[in-house]
Amino acid sequence: MTALTSTSRDARGTAPGTAPRRPSRSERLRPSGAGHSRSSTALVYFIALVLVALMLAPVAYIIIGGFRSNSEITVDPSGLPDVWRWENYAQVLSSGVFWKMMANSTVAAVLTTVVVVGLGLMAAFALSRYRFRLRGAIYALFTAGLMFPMTVAITPLYILVRDLGMANSLVGVIIPQIAFALPMTIIILVPFLAAIPNELQEAATIDGCGRLGFFWRMVLPLSIPGVITVGILAFVASWNSYMLPLFILNNPDLYTLPLGTQQFATQYSVDTAMVLAFTSLSMIPALIFFTLFERRIVGGLTGAVKG
């Protein structure tokens, strides 16, 4: 009897003549593996939050430490200020040394960015839109520039800058920074310019637009996302540059902020709170600049990969 009953049921476990059970609305709407997907998402968010906390903790420590006194830092290095001492930051901002270093960093970063974007855009235009001999070799040469770190080149670079009479000057810092920023700039811009349809250039030529006209009227506006991306990367790299100014500059009046921070820390080594305040003010402009244009950087790099 049991065997007959089991064989008389269909594959779904319903008796003959009985309508199969319909799944409930919650069962129909619940995606397969939804619980596993939610747990995986929660794990990813947890790991991301841990990584963000690890990266922001040193920055927060430096900024908060600038509001403390030296005795508080000595007794409890990781604590919060008992009294928020704004005078540490006010003293740094009221000194002409900080503003002079910021002016030097601004001049070096702005000039580096303008020249890098200009030269990189023109070189990428030629490499992406035209076919000529040694085109592949030139592009490979720029690509190889990414594998040539400044730590390896710093000694011969210093000798070259010194022999050219540019030592102890901002020009001796700006020109090498341009050279080291060009490879990345060209590699990012080439896909942008190569993605411009050839039909657009042909139509511009028929309308009487020459190569330079096509470059200024069509190429430049269409490549704005890539231009902004490489400009931001060049600016931040120049602003944070330390090794090159360390070797090139000897005059304290020409020090940039990274180099000036090291000098200030040495000069005021016993005043830890003041050093932390100076360090905080030195890195805040780059943090604000990068935060404001972070989406531009991601969008520009995404466009370069698609191109």
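Values below: every heavy atom of this structure, side chains too, minus hydrogens, waters and symmetry copies. These figures come from a predicted structure and were not determined experimentally. Numbering of residues begins at 1 and proceeds along the displayed sequence.
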Less than 3.5 Å apart, which donor and acceptor atoms pair up between the side chains of residues 172-179 and the rest of the protein, not counting sequence neighbours?
from: Gln177; atom 1: NE2; to: Thr112; atom 2: OG1; distance (Å): 3.0
from: Gln177; atom 1: NE2; to: Ser238; atom 2: OG; distance (Å): 2.9

Go through Ile188 and Leu233 one step at a time and tell me if the side chain to side chain contact (heavy atoms under 4.5 Å, CB included) criterion holds. CA-CA 11 Å; Ile188 293 176; Leu233 294 177; 3.8 Å; yes
For [X], ring pair (Phe, Tyr, Trp, His ring centres under 6.0 Å) partners two or more places apart:
X      : result
Phe98  : Phe278
Phe67  : Trp84, Trp86, Tyr89
Phe125 : Tyr130, Phe215

Quick one: do Val190 and Leu141 end up in the same hydrophobic cluster if we chain Ile, Leu, Val, Met, Phe, Trp and Tyr together by side-chain heavy atoms under 4.5 Å apart?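 Looking at the clustering, Leu141 is in a separate group from Val190.
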Is there a chain of hydrophobic side chains (I, L, V, M, F, W, Y, each step under 4.5 Å between heavy atoms) that links Met122 to Val219?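 Yes, same cluster.
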Should Phe180 and Leu244 count as side-chain neighbours, where that means a heavy-atom distance under 4.5 Å?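 Result no, sub-4.5 Å side-chain heavy-atom pair not found.
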Under a 4.5 Å cut-off applied to non-hydrogen side-chain atoms, are Ile187 and Tyr139 in contact?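 Yes - at least one pair of side-chain heavy atoms lies under 4.5 Å apart.
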Could you give all pairs that pass the salt bridge (charged side-chain N to carboxylate O under 4.0 Å, His left out) test and reach residues 92-109, with sequence neighbours left out?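 Of all non-adjacent pairs touching residues 92-109, those that pass salt bridge (charged side-chain N to carboxylate O under 4.0 Å, His left out) are Lys100-Asp253.
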Straight-line distance of Leu276 CG to Arg68 CZ, nearest 0.5 Å: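 Between Leu276 CG and Arg68 CZ, I get 9.5 Å after rounding to 0.5 Å.
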Listed partners of [X] passing side chain to side chain donor-acceptor pair (under 3.5 Å), at least two apart:
X      : answer
Ser128 : none
Asn104 : none
Thr143 : none
Ser282 : Thr261

Taking the side chain from [X] and the backbone from [Y], do they hold a donor-acceptor pair closer than 3.5 Å?
X      : Y      : value
Asn250 : Asn168 : no
Thr279 : Val275 : yes
Asn240 : Pro258 : no
Asn88  : Met274 : no

Tell me, yes or no, whether the heavy-atom count around [X] atom [atom1], taken from other residues, nucleotides or ligands under 6.0 Å, exceeds 12.
X      : atom1 : result
Gln262 : CD    : yes
Phe132 : CZ    : yes
Arg162 : CZ    : yes

My understanding is that only residues two or more places apart in sequence, or in another chain, count here; which of them pass side-chain contact (heavy atoms from CB on, under 4.5 Å) with Leu160?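 Here the qualifying residues are Leu164.
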For Thr185, give me all partners under side-chain contact (heavy atoms from CB on, under 4.5 Å), at least two apart in sequence or on another chain.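 Only Val116, Leu189, Val230 meet the side-chain contact (heavy atoms from CB on, under 4.5 Å) criterion with Thr185.
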How would you list, by chain and number, every residue that makes a salt bridge (Lys or Arg N to Asp or Glu O under 4.0 Å) with Arg129, sequence neighbours excluded?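 Salt bridge (Lys or Arg N to Asp or Glu O under 4.0 Å) check on Arg129 returns nothing, list empty.
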